[in-house]
Chemist: 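The following block contains the structure, expressed as C-alpha cells.
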Amino acid sequence: MDPAGMSSAQRRAALVSVGRAEARLAGWKAHLINAEREQCGEKMVEQVLRNELQSSRREASRDVKTSTQLAELPTASAALETGLIPAGHARLIARAASDGPIDEALLTEAAQRQNYDQFTKTVRRNQQDMSEDDGQSILARQQENRTARTFLSRETGKFLMSGEYDPITGARIDTVLASKERELWNAEDPKKRRTPQQRMADALAELILEPEKGKAKGTALMVIAEYDVINQELVNARLADGTPIPTAELIRLACDADLLPGVFRAATQEMNLGRKRRTASDAQRAALVYRDEECIGCGASANRSFAHHVRFWRNGGPTDMPNLVLVCNKCHHNIHDDGWEVHHDSAENRFKVEPPPDPFPETGVDTYRPPQRNPVLLS
Ligand SMILES: [Zn+2]
C-alpha cells in the first residue's frame with residue numbers, strides 16, 4: 001500500500017506491525033545462527049553471514065555473540081520470537097547476562113513497555129541489584145577496561161579522539177566539560193552562537209591546550225543516595241543520570257571530595273521561592289536533577305540542562321519545584337518557539353515534553369504543519 005494514501009493512524013499501526021515483524025525476524029535469525037554454529041562452529045557461521053548477508057566483520061561477530069547468549073535465555077528469546085520485545089532490547093539483555101547475573105523475567109517484562117533509553121537504565125540498575133558485591137566488581141571491570149586513542153582519520157583527514165571510562169570518571173570529566181561549555185556560551189555573542197557540537201569541541205580543546213585557564217565554576221560531581229531511616233544506612237547510591245554506584249564507592253568519594261549533602265523536603269521554603277526570584281537556586285537545581293535526572297524532553301545530560309518554568313515566568317509562573325522541570329537548550333526552544341508542551345505522566349510519575357496536538361489526526365493529510373505560534377506564549 002502506498003504510505004501517502006494511508007491515514008496517519010493507519011501508517012502508525014503499520015509501523016507497529018513492522019516493529020513486531022523485525023523482532024520476530026531477529027528471533028528467527030538468532031535461531032538459525034545458533035543451529036548453524038552448533039554444527040559448523042563460530043568462525044564458519046560468521047563467514048556465512050559475511051558472504052551471504054554482506055555483513056561487516058563487526059556485525060557478523062556481534063550477531064553470533066548475541067545469538068549464543070540468547071540461547072541461554074529462554075524467556076527473553078521467546079519474547080523476541082513472538083515480537084513482544086524489540087531486537088535491540090533483547091541484545092541488551094543478552095549482553096548484560098554475559099557480564100553477570102541478571103533477573104531475566106523482570107528485564108523481559110520491562111523490555112515490553114520501556115523505550116530503549118529507559119531500558120538501558122533498568123538493565124544497569126538490575127545488574128547492580130543482582131550483583132553479590134553491590135556492583136563493586138562491575139565498576140572494577142569498567143575501570144580495568146578503560147581505553148582511549150587518538151588518530152588521524154584517513155577518510156576525512158581530521159583528528160579524532162575517543163575514550164571509554166567507568167561511569168564515575170566519566171561523570172567527572174563530563175561535569176568539567178559541561179561547565180567549560182557554559183563558560184564559552186556565556187562569552188558568546190548571542191547573535192553568532194556556535195553549534196553545541198562546535199562548543200563541546202572548543203571546550204575540549206581549551207581544557208587540553210590551555211590548562212592554565214583552569215576549570216570553570218560549578219564542577220562539583222553530583223552523587224545521590226537515599227537514607228534508609230530504619231536501618232540507618234545510605235542506599236540506592238547513583239550518579240545524577242541514574243547510573244548506580246556501589247555504596248562503598250560513595251563513601252570513598254565522600255572522603256575524597258567536598259560533599260554537599262542535599263536534603264530535599266518538598267514543602268520547605270527553599271524549594272518554593274514563589275515570585276521572589278526567577279532563576280532556580282542551587283538547592284532547587286540539585287533537587288531537579290534528583291527528580292528529573294536528565295532533560296525531560298530528549299534525555300540530554302543534566303549537566304547540559306537547566307530549570308524551565310512550566311507555567312512561564314512572564315505569565316506569572318512561580319519558581320516553585322512543582323512548576324520547574326529540567327530541559328536542555330533544544331527542548332527549551334521547542335517549548336517556547338514551536339508550541340511543545342510539558343506534561344506530567346502520572347503513571348510513570350515523570351514530566352515529559354510532547355509535540356503539540358496533531359492538527360489533522362485522522363484526515364490522512366501528508367504534511368505535518370505545526371500549529372500557529374501562540375501569541376500569548378510569545379508575549
Ligand atoms: Zn532536551
Side-chain angles (χ1 to χ4, degrees), residues 88 113-122 124 167 170-171 173-186 188 190 193-204 216 218-219 221-222 224 238-243 278-282 284-315 317 319-358 368 370-371 373-374 377-378:
R113 47 190 170 78
Q114 293 181 346
N115 70 34
Y116 191 83
D117 296 333
Q118 292 170 325
F119 189 59
T120 55
K121 287 186 187 171
T122 305
R124 273 183 294 172
I173 294 172
D174 196 55
T175 308
V176 173
L177 190 57
S179 73
K180 194 58 150 184
E181 287 166 38
R182 271 198 300 279
E183 191 184 274
L184 294 179
W185 162 277
N186 288 333
E188 275 169 19
R193 289 229 176 262
R194 286 171 260 222
T195 66
Q197 293 78 9
Q198 289 172 332
R199 195 174 303 112
M200 189 189 281
D202 292 347
L204 202 52
T219 55
L221 179 68
M222 180 143 168
I224 297 165
R238 58 199 187 273
L239 297 171
D241 66 359
T243 303
R278 179 182 176 153
T279 48
S281 66
D282 287 350
Q284 282 179 322
R285 211 193 119 74
L288 271 177
V289 175
Y290 171 78
R291 191 192 67 197
D292 294 346
E293 291 187 352
E294 57 195 14
C295 167
I296 57 158
C298 69
S301 82
N303 279 336
R304 292 179 184 78
S305 304
F306 44 91
H308 161 71
H309 290 78
V310 179
R311 184 175 163 213
F312 294 179
W313 171 262
R314 59 173 168 260
N315 296 342
T319 307
D320 292 352
M321 279 306 287
N323 192 46
L324 296 174
V325 288
L326 209 57
V327 289
C328 74
N329 250 317
K330 193 188 71 179
C331 293
H332 201 225
H333 209 75
N334 287 345
I335 295 168
H336 280 278
D337 297 340
D338 291 332
W340 290 54
E341 288 164 4
V342 176
H343 292 288
H344 186 258
D345 182 331
S346 48
E348 289 183 41
N349 196 24
R350 291 189 77 89
F351 284 96
K352 288 182 173 169
V353 180
E354 269 150 22
D358 191 338
Y368 175 76
R373 290 187 176 187
N374 186 330
L377 302 188
L378 290 173

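Computed over heavy atoms, backbone and side chain alike; hydrogens, waters and symmetry mates excluded. One-based numbering, in listed order, for ligands and for the atoms of each.
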Chemist: Should Glu188 and Arg193 be marked as a salt bridge (charged side-chain N to carboxylate O under 4.0 Å, His left out) after you check the CA-CA gap, both sets of side-chain angles, and the distance that decides it?
Modeler: CA-CA 6 Å; Glu188 275 169 19; Arg193 289 229 176 262; 2.8 Å; yes
Chemist: Roughly how far apart are Arg124 CZ and Arg238 CZ, rounded to 0.5 Å?
Modeler: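 Answer rounded to 0.5 Å: 12.5 Å.
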Chemist: Please determine whether the number of non-hydrogen atoms from other residues, nucleotides or ligands lying under 6.0 Å from atom NE2 of His344 exceeds 12.
Modeler: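 Counting neighbours around NE2 of His344, more than 12 heavy atoms of other residues, nucleotides or ligands fall under 6.0 Å, so yes.
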Chemist: Sequence neighbours left out, what passes side-chain hydrogen bond (donor to acceptor under 3.5 Å, both in side chains) with Asn329? Give chain and number order.
Modeler: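 None.
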Chemist: Going by distance alone, is a donor N or O of one side chain under 3.5 Å from an acceptor N or O of the other, for Thr243 and Asp241?
Modeler: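 Their side chains do contain a donor-acceptor pair, which is all the 3.5 Å distance test asks for.
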Chemist: For Gln284 and Thr319, test the side chains for any donor-to-acceptor distance below 3.5 angstrom and give the result as yes or no.
Modeler: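 No pair is found: no donor N or O on one side chain lies under 3.5 Å from an acceptor on the other.
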Chemist: Which protein N, O or S atoms does the Zn ion (ligand 1) have within a distance shorter than 2.8 Å?
Modeler: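 Atoms qualifying: Cys295 SG, Cys298 SG, Cys328 SG, Cys331 SG.
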